[in-house]
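Numbered from 1 within each chain, the chains take letters A, B, ... in sequence-line order. The structure displayed is predicted, hence computed values, not measured ones.
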Amino acid sequence: MTDQTTQPDNPAKPDYKTTLNLPKTSFPMKANLAQAEPATLARWQAQGMYQQIAAARADAPKFVFHDGPPYANGSIHVGHLLNKVLKDLVVRTALMEGRACHYVPGWDCHGLPIEHRVMTGLVESGKAAKLETLSDEHRRMAIRRECAAYATKFIKTQAEQMKRLLTLADYDHPYFTMQAEYESGTLEVFACLLEKGYVFRQLKPVHWSIANRTALAEAELEYEDRVDPSVYVDFEAADAAKVAIAFDFECECTPCFMIWTTTPWTLPANLAIAVHPRQKYALVEMDGSLTIVAAEMLEKLALVVGATTVVKKAEADGSALVGLEYRHPFCDRTSRIVAAEYVTMEDGTGLVHTAPGHGDDDYRTGLREGLPIYCPVRDDGTFDETVPAWLQGKIVWDANTLVVDHLRTSGHLVHALQFTHSYPHDWRSRTPVIFRATEQWFIGVDKPSTKSSAGAASSLRAMALDAVNNTIKFVPEWGRNRLRGMVENRPDWCISRQRSWGLPIPALRQADGTVFMTPASVRAVAVCVAAKGSDAWFTLSPAELLAAYDAATDADAPKSLDIASLTKMHDIFDVWFEAGSSWNSVLRQRNLGFPSALYLEGSDQHRGWFQLSLLPALGVTGKPPFDALVTHGFLVDKDGRKMSKSLGNALEVETLLKDYGAEVARWWVSGVAYDGDIRIDLDYFKVAGESYRKVRNTLRFLLSNLFDAPAWTESEATALALASPSQSLCGWLMGELATLETEVRAGYAAYDFRRAHLAIFDFCNETLSAVFCAAAKDRLYCDAADSPRRRATQATMRVAMEVLCRLLAPILPHTAEEAWKALRGEGAPLLFTQSHVGLVVGRDAGWVEVMSACASVKKALEVAKELGIDNALDAAVEIPDPHGTLAAFLPELADICGVSRVTLGGKASTVTVTDLRAQPKCDRSWRRDATVRQRADGGMLSDRDALAVGV
RNA sequence: GCGCCAGUAGCUCAGCUGGCUAGAGCACGCCCCUGAUAAGGGCGAGGUCGAAGGUUCGAGUCCUUUCUGGCGCACCA
């Protein structure tokens, strides 16, 4: 086509474009988030955004929300991004509902991962050797100083990274578990639990380094191959008759239970033999002796021990053996057979030597069966006086040979061989470690409180189960089962660790070796720690630590307490006990309110923070520290595999922020189904970026058509918008807007951010962009600027902006604020001091039919393209109206369908399209309505356009 | 090994207490617009509902088994 054909005969034809009310705005199409967000952040910080909001909400009803502390180690990863953004959605939705939300970010600082990293650093830099020359306490203090510096460094790093996610929190007053006030708050919780009788001290097996005479954590072990004796040993049954009954077989001689072990030195501590209750066990005659082994293991076993004649005599279930007794081969006692699910049929005999003082499983079995946690090995690795004389004082490694020789001599040894296996070693001394029961501090979950009138139901487990079953809300609901299962099965909580980097358990030893620690003494130490931090435990004397303690007023004080002769003990708290006390150290101590409306963490925290906050809070206050638990799943890659550095599929937060910006990430988070696994991939951010742009452009369209709107107050605009009849385009939008607001707020309230996200997106994409904006363009551009219809449309759009800015604010704080300022001007009040509009608008039921008629028109127009009617404005349509519903909407139908003319009724049952290309076209509005004719200025105009132009 | 959760179009997800030809958005294809323009609009194609059994007149939806993946727990005496 050339100019001649499009601009034919009339050179004087007016250029109507300049007479249109075309949109104008300074709100840019391109968000440029990577650059704009840091600037916004700096402005927020400079103007004290958090404080301003807090001040504005000072008298508002509180929404108590408590942050679970991430570990102060390394940079944040995408898991933190997910968690922190979800939490920020909670904070900001609460604010937009008009609540006050004092949200304090926190960090977990103590614990082995940091101590381990620091120690590794010290070894590498050669400083570790120097530490060895220091006294115990000086060495501990030196390590603690390094650890504190390390944690502080990463708190700073992470805080900046979290702020960059546009999260709103009291970053000026965060909590750290290593703060003095926090530590003293933790000790208060402990004192209270102690007071109520939940705390006790008991033996428990731990990895023990003989060389360093210390307990070691899993991370301090390295595994190396080691050769040990592997022995098969016969334990004689104590009562052959009972065995005979179990197998329903008459025994001619005393049968034996055959066990296998690679640690013969633990045999002196044998107190039970475990069998699997649902496995078959065989009574066999093996080379002349009567032996009991697992039926499944028989063949393999005969080969290993080199038995020549093997005859199976009878079989019985493991459960039938439970309760039978046997005689220890060299200690003077009888023990019994017990059941254990962990017994496998992979190695050994299917009968497991059980020494509760020397193995974790054995320990648990021992506790369950009420066996003593017997550990005859002293901290130097030698046997004490409770073992047979030939073993006393011998070191365990030598005992291996002694025991094997003794068993061979006494005839209990069935077979012995050398066995190479992977065995834990102390990473520092590189010597093999042993499993040895030591005294540890516990919080008993089944002990009833000694200070409660509730009686037997007051054990922590009973209270926790009651809370899980009856009072706590779970989102998603399956969290309830999960937490219930964990609470039902958990053992007593071992809260002591033998490390340097942590909060000391303030126990002291008296001269006679007994332990001194009472609720009052703990509280006295807490006073000291509040002032000086937990370092005080390492630098001050017992007398100084107990300055606030008065034995005279402490009913629990030992009779002849001599403070001067006390020595400090050096266990520290399990870090989970500290984190699990945050409801006290933060919420209660800072008067933020208790309990929290919710805790929001990854699903792994059912085991961790959720449960370990619940137990202390129940013990101390009788109430859970949270009303609801909201859980999110873990991030996995696009193929559903978990993220890890080694797989190379981990996404860097930094990359995301640089390429997409925090708001696209937030938009993505808000749209994710966070129960269950969450797939994450750069491609998804691309998608999120596109839909963010769609929302942004829709806002931009609304804003750009408000450029010449009168300076209405919000209520003036709302009143004007609500004045539109419900059958008008504006009336329709107001109804949709009210529905949207309700839907989004309901989604937010249920922590179903996805529901809110989708509702907002659909509204922008469909309701506004595809329907309303498309239909309203004609009246916005072509109606006289101040015509009532155009002004009503602008008022409606203004209200839509008011509503959308508020609804979007929690997800897109930066963009919502940017739009808000474009709408209200730079002098606008802070968006986060506003609350939702709360529209109530009825909807006309006829709209459903209108929209479906409109869809039919669209389809008919597609068909009409074959006739050459490419542009909908070249068409008139006749729409059937069998129920007469559409008549009321007739004035709006042409705009909504995007055609030039609409008529209703007719005989056809489907939409009829008429070609209008032969009809005159308005030079200004491009419509071919019936009123178009030549006007005084020479242009072809419709009546409406002629009026608007004034010709 | 045990417990919990998930598995529906290429992607992200809806599908309530079982019931009309299984839906939406994005991506894709074709087309329109050029007065939201590094924008906007329309139409369309696309699914053995992880697999196998079973209950039922009827199952994506209930039961059993199984596979894959995630989280947690336990285990290597």
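- Ring-centre distance between A/F435 and A/H207: below the 6.0 Å cut-off.
- At the heavy-atom level, A/D675 lies nowhere under 4.0 Å from the strands shown.
- Atom CD in A/E488 sits about 20 Å away from atom P in B/G72, given to the nearest Å.
- Rounded to whole Å, the distance from NZ on A/K859 to C1' on B/C43 is 8 Å.
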task = Would you please test A/M797 and A/N705 for side chain to side chain contact (heavy atoms under 4.5 Å, CB included) and show each step?
result = CA-CA 8 Å; A/M797 294 167 77; A/N705 281 290; 3.6 Å; yes
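- Within 4.0 Å (heavy atoms only), A/S603 reaches sugar-phosphate atoms of the nucleic acid but no base atom.
- Between A/R482 and B/G72 there is no side-chain polar atom (N or O) within less than 4.0 angstrom of OP1 or OP2.
- Contact annotation: A/R607 side-chain N/O to B/C73 OP1/OP2 distance is under 4.0 Å.
- The separation between A/N21 atom CG and B/G35 atom C1' is 11 Å, rounded to whole Å.
- Applying the 4.0 Å criterion to OP1 and OP2 of B/G41, one finds that A/K694 has a side-chain N or O inside that range.
- If you check every strand for non-hydrogen atoms under 4.0 Å, A/S769 touches a base.
- Pairing partner, B/C4: B/G70, with both Watson-Crick or wobble hydrogen-bond distances short of 3.5 Å.
- Regarding A/L20, its CG atom lies at a distance of 10 Å from the P atom of B/A36, rounded to whole Å.
- Residue ring and nucleobase are not stacked for A/F701 and B/G40 under a centre distance beneath 5.5 angstrom and an angle between planes beneath 30°.
- For the pairing with A/H606, the side chain to side chain contact (heavy atoms under 4.5 Å, CB included) check across A/Q611, A/E601, A/M486 returns one residue only, A/M486.
- One can place CG of A/N705 at 8 Å from C1' of B/A36, the figure rounded to the nearest angstrom.
- At a threshold of 4.0 angstrom between heavy atoms, the contacts of A/E690 are confined to the sugar-phosphate backbone, with no base atom among them.
- The separation between A/D677 atom CG and B/C71 atom P is 7 Å, rounded to whole Å.
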inquiry  = Could you walk me through whether A/T19 and A/R924 satisfy the side-chain hydrogen bond (donor to acceptor under 3.5 Å, both in side chains) test, starting with their C-alpha distance in whole Å, then the side-chain angles of each, then the deciding distance to 0.1 Å, before giving a yes or no?
reply    = CA-CA 8 Å; A/T19 72; A/R924 187 164 176 274; 2.7 Å; yes
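- The closest donor-acceptor contact from the side chain of A/D675 to the backbone of A/P476 lies at 3.5 Å or more, if one exists at all.
- Between A/K865 and B/G42, a side-chain N or O to OP1/OP2 separation shorter than 4.0 Å is absent.
- Taking atom CZ of residue A/R754 and atom P of nucleotide B/A24, one finds them 15 Å apart after rounding to whole Å.
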